[in-house]
Amino acid sequence: EKRRATVWMIKRRQITPHTNRKVKIYATDLICTHADADLSTGFLSDEGVRCPLHLSVFNLVNGEPQNLPAETALKIYNVKIDANEIYVEI
């Protein structure tokens, strides 16, 4: 699924939002835990976000990698939508 890359700077952290087909918004660290790949340019699917460099998929609920080569979970941030405002807990 093609999408425009978005990066949020929150408290000096680079975070990227991901929206699945059910229009749920997730927020994760911008950089893959395996290599310095930018996940905002990755591929989004029902399984999670796929790193564009080595194709590891990260679950957007718990951050766990679903396949190798990534072995370390991705940082996931709580997201709340209230009155058309998006809040990310850091």
Side-chain angles (χ1 to χ4, degrees):
E1 164 178 325
K2 288 190 175 187
R3 61 193 170 101
R4 185 181 56 166
T6 302
V7 178
W8 296 333
M9 287 295 296
I10 302 174
K11 292 188 179 180
R12 294 185 297 190
R13 292 187 184 183
Q14 290 184 321
I15 297 172
T16 187
H18 308 279
T19 306
N20 67 11
R21 291 184 181 130
K22 297 175 185 170
V23 194
K24 179 165 174 63
I25 297 175
Y26 299 90
T28 71
D29 276 343
L30 177 66
I31 303 300
C32 175
T33 60
H34 169 255
D36 289 335
D38 181 343
L39 292 175
S40 71
T41 63
F43 309 97
L44 193 60
S45 70
D46 290 337
E47 293 136 6
V49 61
R50 183 177 301 276
C51 175
L53 186 60
H54 292 116
L55 305 179
S56 288
V57 176
F58 293 92
N59 181 298
L60 292 173
V61 175
N62 60 24
E64 290 295 322
Q66 304 301 298
N67 60 311
L68 295 173
E71 296 179 342
T72 303
L74 184 65
K75 176 70 176 157
I76 302 293
Y77 298 93
N78 291 325
V79 176
K80 178 182 176 185
I81 301 173
D82 185 28
N84 293 325
E85 296 285 329
I86 300 172
Y87 299 92
V88 178
E89 181 182 2
I90 300 296

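Side chains are part of it too, since the values below use all heavy atoms of this structure and drop only hydrogens, waters and symmetry mates. We count residues from 1, following the sequence as given. The structure presented is a predicted model; accordingly, all values stated were derived computationally and were not measured.
When hydrophobic clusters are built by joining Ile, Leu, Val, Met, Phe, Trp and Tyr residues whose side-chain heavy atoms come closer than 4.5 Å, directly or via intermediates, Y26 is grouped together with L44.
How far CZ of F58 is from CG of L39: 6.0 Å, rounded to the nearest 0.5 Å. The distance from atom CG of L68 to atom NE2 of H34, rounded to the nearest 0.5 Å, is 9.0 Å. K75 contributes atom NZ, which lies 8.0 Å from atom CD1 of I90 (distance to the nearest 0.5 angstrom). One distance of note links CD of E47 with CG of L60; it measures 11.0 Å at 0.5 Å rounding.
Nearest heavy-atom pair across P52 and T41 is CG-OG1, 3.5 Å. Of all non-hydrogen atoms in N62 and N59, the two that sit nearest each other are N-OD1, 3.0 Å.
Looking at Q66, its side chain does come within 3.5 Å of a backbone N or O of E64 through a donor-acceptor pair. Judged by distance alone, the side chain of T33 and the main-chain N or O of T72 form a donor-acceptor pair under 3.5 Å. For the pair R50 (side chain) and V57 (backbone), a donor-acceptor distance under 3.5 Å is absent.
No more than 12 heavy atoms of other residues, nucleotides or ligands sit less than 6.0 Å from atom CG of D36.
Between the side chains of Y77 and D29, a donor-acceptor pair is found at a separation under 3.5 Å.
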Practice problem: Please assess V61 against I76 for the test side chain to side chain contact (heavy atoms under 4.5 Å, CB included), listing each intermediate value before the final yes or no. | Solution: CA-CA 7 Å; V61 175; I76 302 293; over 6 Å; no
